[in-house]
Amino acid sequence: MELVEESPYRFRIDRCDPMRVPGVVFASRALIPHVDEDRWPQQVANVATLPGIVGASYAMPDVHWGYGFPIGGVAATDVAAGGVVSPGGVGFDISCGVRLLAADLDRTDLPRVRDALMDGLDAAIPRGMGRGAVWQLADRAELDAVLRGGSRYAVERGHGVPRDLARCEDAGVVDDADPGQVSDRAVQRGQQQVGSLGSGNHFLEVQAVDEVHDEAVAAAFGLRAGQVVVMIHCGSRGLGHQICTDHVRAMERAMPGHGIEVPDRQLACAPVRSPQGRAYLGAMAAAANYARANRQLLTAAARRVFARTAGSGLHLVYDVSHNLAKIETHGVDGADRRLCVHRKGATRALPPGHPQLPADLRAAGQPVFVPGSMGTASYVLTGVAGAPAFASTCHGAGRVRSRAQAGKSVRGQELRRELQARGIAVRGASWRGLAEETPQAYKDVSAVVDVAEAAGLCRRVARLVPLGVVKG
DNA sequence: ATGTGC
């Protein structure tokens, strides 16, 4: 799989049959040193074969191998031209995403409250593979209310304020959720997990704004140097996972009837305008609402701890997903088209002036949050006008070593000691989980963000550093 | 990511 360098930050995989469009990779040679051995370039090419795909099969600078589609992949299909939707283009953790909250605290305030704050969060934030969650749902009817109402339902039930919804992608609720397309098994898995972090790379971090790159935009986001912030990264837990599994199977069975062939069965897909396509999008929207309610409930739990231990509020900056397919309008060859934009490990980044932004963010653009690996920096970015890849950018540092490899390379206890020695408080769920998230398993997030900016995908706004991590 | 395989 040859990558042709078009510019220092843009590479092309030339179209050859059965690709319908070329591949485009936003990266630098330094970020993809083992490209000849990596499996993701073939995945970028495979995605380019999907019916209805327009432009190119894109990869963000944090691209790595995933299920069918690469993580860090963006692909848009033309709905009216038989364009498909593919669950593998969203990923198992549907609407996994990040929200950032600004505290009424400066980092110099933190030492006096840190232990009480971190112990409070340790007790209040359910996480790991167990069953604990902030909310216990009474029955399927209440889960359906979550699946239809997302963050809005959580706020209506007293777990937030109206401003939280204004600062969420889609105002906290995706329309057209169809709980009828969510299987009983998915419901069972989701019933007792609303308001829980999960495991893997999910976390709640207390951070400080370490450096501001753009004062005006940071101010519009409500951020200033030295400020304490909270970042929450989690998704739709077992419910989203089960929905992905169920609908991949249904699409595999339906593909012959639609005359669709794909080079990898993990690219199972169906036309957006087909029973299977509509069924998946309805279930996906339900999982997206579940994930937003999940982040909203964890926000409410964190607010109670911040109020009690630090006398501080937490004000939502924004909440944005990095695993989702959305029907959006984009210009293609000079005409506006309705596209199904898959972002898997890629973040929507609307430019300044976009009508879907709340009025107080419109001049600044959409906030994007890029968590680094544990113990390293995270970034706040904003969208830019005229960006390629359907207004999308990176979502994280990008894993370079498998969980198994990482878990063998370091002991969790040792990692915690190192982080605490650097002044980062750690409240983990399991020692192995901690070891698997060692920063050595990830790329340098600063290099990823530098390339994303240089490639014209986004602009840097602020750099955040961790003070305390509550790890899933 | 995930009742860490179906």
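All values below were derived from every heavy atom in this structure, side-chain atoms included, with hydrogens, water molecules and symmetry-related copies excluded. What you are looking at is a predicted structure, and each value in this text was computed from that prediction instead of being measured. Naming convention: chains lettered A, B, ... in sequence-line order (proteins, then strands); numbering from 1 in each chain.
Residues in residues 22-34 of chain A take part in these salt bridge (Lys or Arg N to Asp or Glu O under 4.0 Å) pairs, two or more places apart or across chains: A:Glu5-A:Arg29. Listed by first then second residue, pairs satisfying ring pair (Phe, Tyr, Trp, His ring centres under 6.0 Å) with a partner in residues 442-472 of chain A number zero, not counting sequence neighbours.
Atom CD in A:Gln266 sits about 15 Å away from atom P in B:dG5, given to the nearest Å. Taking atom CD of A:Glu437 as the reference point, atom P of B:dT4 lies 18 Å away to the nearest angstrom. One can place OH of A:Tyr67 at 13 Å from C1' of B:dT2, the figure rounded to the nearest angstrom. Between A:Asp184 atom CG and B:dG3 atom P there is a gap of 17 Å when expressed in whole angstrom units. Atoms CZ (A:Arg185) and P (B:dT2) sit 17 Å apart, rounded to a whole Å. Across the protein-nucleic acid pair, A:Phe92 atom CZ and B:dT2 atom P stand 12 Å apart, rounded to whole Å. One atom, CG of A:Asp246, and another, P of B:dG3, lie 14 Å apart when rounded to the nearest Å.
Note that CZ of A:Arg460 is 13.5 Å distant from OG1 of A:Thr382, once rounded to the nearest 0.5 Å. To the nearest 0.5 Å, atoms CD (A:Glu169) and CG (A:Leu324) are separated by 6.5 Å. Note that the CD atom of A:Gln192 and the CD atom of A:Gln136 stand 6.0 Å from one another [nearest 0.5 Å].
Within 4.0 Å (heavy atoms only), A:Gln188 reaches no atom of the nucleic acid at all. Contact annotation for A:Arg399: no contact, since no heavy-atom pair falls under 4.0 Å across all strands. Residue A:Gly200 is classed as a sugar-phosphate contact, given heavy-atom separations below 4.0 Å to backbone atoms only.
When each of A:Arg189, A:Arg237, A:His247 is tested with A:Gln242 by the rule side-chain hydrogen bond (donor to acceptor under 3.5 Å, both in side chains), just one qualifies, namely A:Arg189.
The residue among A:Arg403 and A:Arg249 whose nearest nucleotide of DNA chain B lies closer to the 5′ end is A:Arg403.
Phosphate contact (OP1/OP2 of B:dG3, side-chain N/O of A:Gln193, threshold under 4.0 Å): present. Residue A:Ser199 has no polar side-chain atom (N or O) positioned under 4.0 Å from OP1 or OP2 of B:dT4.
Annotation: proximity of residues 231-243 of chain A to DNA chain B (heavy atom, distance under 4.0 Å) is found for A:Arg237, A:Gly238, A:His241, numbered in ascending order.
Using a 4.5 Å cut-off on side-chain heavy atoms (C-beta onward), A:His342 and A:Val85 make contact.
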